[in-house]
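What you see is a predicted model, and the numbers here were worked out from it, not measured in a lab.
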Amino acid sequence: MNIEQLAAKSEQEIGPLHNAIQAIVETNQHRVLEAFRHLRISDSHFNPTTGYGYDDYGRDTLEELYAEIFGGEDALVRPQIISGTHAITTALLGVLRPGDELLYITGKPYDTLEQVVGGSDGNDVGSLKDYDITYRAIPLSENGEVDMEQVKSSIHKKTKVVAIQRSKGYADRPSFSIADIAEMIREVRTIQPEAIIFVDNCYGEFVETEEPPHVGADLIAGSLIKNPGGGIVRTGGYIAGRKDLIELCSYRLTAPGLGKEAGASLNSLQEMYQGIFLAPHMVGEALKGAVFTANLLENAGFTTTPAFDAVRSDLIQAVSFDTAEQMIAFCQAIQRYSPVNSHVTPHPSAMPGYESDVIMAAGTFIQGASLELTADGPIRPPYMAFVQGGLTYEHVKIAVKLALNEIIEAGFHHIEIG
């Protein structure tokens with residue numbers, strides 16, 4: 001069996017899963033379309049503002065649109081938010097005060113948040129620790145579930161924010177579904193009804209038919225160069241949830257007294273509107289690609305997480321390799337079959353916010369865009385590459401097939417290809 005035959009076998013096996021993804025896409029697209037219709041979006045909403053950005057009609061309506069789509073009362077959607085980490089930091093520093101506690105119940109957060117909460121390297125300037133806000137993380141159980149008994153014994157009167165990271169990030173654990181998050185919220189409410197429940201929603205938007213605020217989350221945050229930007233938004237982030245909390249976050253983003261009233265949209269509005277409209281479809285393409293990637297590599301003898309037929313709650317597809325060299329070769333091959341910078345060879349290197357050297361294959365139109373096909377990961381055992389995104393299913397299929405073929409021909413992996 002050659003690579004093309006192996007790929008054909010995979011496509012036959014994943015057909016029903018692609019049909020299920022398409023049903024989710026259509027449900028989410030309908031919700032987005034109804035929000036556009038309800039708010040009577042017109043081309044006048046795309047007009048730019050400059051300077052202070054007062055009376056920015058398009059920006060304000062865009063934030064209403066996000067709130068309606070994501071099940072919140074209000075939202076901040078701004079090009080001034082530079083990343084998911086920035087959106088999360090703005091949300092946390094917006095609602096927490098000295099003496100409060102932040103409690104992550106899904107284990108340690110993503111690497112880039114280590115210095116936000118107050119990392120171990122002593123560089124705490126501007127961190128939660130610097131503001132006398134304490135932070136703790138409850139490790140997950142051995143099977144990757146939230147240790148609710150430990151959570152119950154850990155929450156106390158100073159626990160102001162209970163945080164949930166929806167996606168696995170670079171951790172070797174399952175991502176959490178909306179049903180999982182709903183159960184976590186229910187349990188936390190029985191312990192501390194007044195706690196603010198925050199969800200890091202990065203990589204999860206539109207993967208399922210509901211978002212965390214639909215099941216009781218108070219606040220969520222994410223990046224526009226991930227799922228909700230639809231592959232065309234060049235920068236920005238969002239925070240959505242309770243109106244009173246969004247007001248606090250807006251004071252952190254701009255200044256007390258200014259809040260949401262200021263912040264010029266410049267020329268970003270049309271792509272932000274169009275991006276959120278395209279997002280359900282584009283996320284569906286990436287999901288279809290992830291299912292194909294998992295199935296093809298499983299058939300080739302690799303271990304993948306999640307398995308190709310598992311229920312998905314984010315875009316991330318992890319692939320385990322035996323050695324660092326094997327992992328690096330795979331990521332480099334993905335770069336070679338990217339539309340941008342295909343001639344560039346990525347190598348592991350130190351990156352801000354990460355404890356280990358990281359390799360990043362990212363031949364993307366938008367720098368750092370995780371809705372476009374990328375393959376990256378820290379060079380540390382277990383050697384896991386995190387394959388995510390893909391603006392078209394066809395690109396993912398072609399790139400992963402050719403990357404697999406390259407590492408086989410280079411002698412980094414062996415399967416029976418006859």
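Remark: His343 NE2 to Asn341 CG distance equals 5.0 Å, nearest 0.5 Å. Rounding to the nearest 0.5 Å places OG1 of Thr304 at 5.0 Å from CD of Gln317. The line from CD1 of Ile105 to CD1 of Ile164 is 4.5 Å long, rounded to the nearest 0.5 Å. In this structure, CD1 on Ile232 lies 8.0 Å from CD on Gln270, to the nearest 0.5 angstrom.
Checked by atom type and distance alone, the side chain of Ser338 never pairs as donor or acceptor with a backbone atom of Val340 at under 3.5 Å. Using modelled atom types, one side-chain atom of Ser177 and one backbone atom of Asp180 make a donor-acceptor pair closer than 3.5 Å.
The two residues Ala361 and Gln335 have their closest heavy-atom pair at CA-OE1, 3.2 Å. What you find for Ala264 and Gln80 is that their closest heavy atoms are O-NE2, 2.9 Å. Between Phe308 and Glu298, the shortest heavy-atom contact is N-OE2, 2.8 Å. Listed here is the closest heavy atom pair of Gly222 and Cys202: CA-SG, 3.8 Å.
A salt bridge links Arg136 with Glu101: the closest approach of a Lys/Arg side-chain nitrogen to an acidic carboxylate oxygen falls below 4.0 angstrom. Ion pairing between a basic and an acidic side chain is recognised when a charged N comes within 4.0 Å of a carboxylate O; Arg37 and Glu34 show such pairing. Ion pairing between Asp314 and Arg173 fails under the 4.0 Å rule for side-chain N and carboxylate O.
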Applying side-chain contact (heavy atoms from CB on, under 4.5 Å), run through Glu210 and Glu208 and close with a yes or a no.
CA-CA 6 Å; Glu210 291 182 306; Glu208 299 186 68; 5.8 Å; no

Test side-chain contact (heavy atoms from CB on, under 4.5 Å) on Leu39 and His45; report intermediate values, then the result.
CA-CA 11 Å; Leu39 292 171; His45 288 100; over 6 Å; no

Assess the residue pair Thr134 and Leu102 against the criterion (side-chain contact (heavy atoms from CB on, under 4.5 Å)); give the C-alpha distance rounded to whole Å, side-chain angles, the decisive distance to 0.1 Å, and a yes or no.
CA-CA 6 Å; Thr134 58; Leu102 165 68; over 6 Å; no

List the steps and the verdict of side-chain contact (heavy atoms from CB on, under 4.5 Å) for Phe386 and Lys168.
CA-CA 10 Å; Phe386 297 85; Lys168 69 171 68 188; 4.0 Å; yes

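Within a 6.0 Å sphere centred on NZ of Lys152, other residues, nucleotides and ligands contribute more than 12 heavy atoms. Counted within 6.0 Å of CZ on Arg336, heavy atoms from surrounding residues, nucleotides or ligands total more than 12; the atom is thus considered enclosed.
Considering Lys243, Lys160, Arg189 as possible partners of Asp218, the one that fulfils the salt bridge (charged side-chain N to carboxylate O under 4.0 Å, His left out) test is Arg189. Under the side chain to side chain contact (heavy atoms under 4.5 Å, CB included) rule, Pro280 has a single partner from Ile24, Thr209, Val32, Asn227, which is Val32.
Val151 is listed as a side-chain neighbour of Ile155, based on a closest heavy-atom distance under 4.5 Å. You'll find the side chain of Glu205 stays beyond 4.5 Å of the side chain of Arg166, heavy atoms only. Between Leu269 and Pro48 there is no side-chain heavy-atom pair separated by less than 4.5 Å.
The closest side-chain donor-acceptor pair between Thr106 and Gln165, if any, does not fall under 3.5 angstrom. A donor atom on one side chain and an acceptor atom on the other are not found under 3.5 Å apart for Asp130 and Ser127.
Identified under the side-chain hydrogen bond (donor to acceptor under 3.5 Å, both in side chains) test for residues 274-294, with sequence neighbours left out: Gln22-Lys288.
Taking the centre of each ring, Phe70 and Phe206 come in below the 6.0 Å mark.
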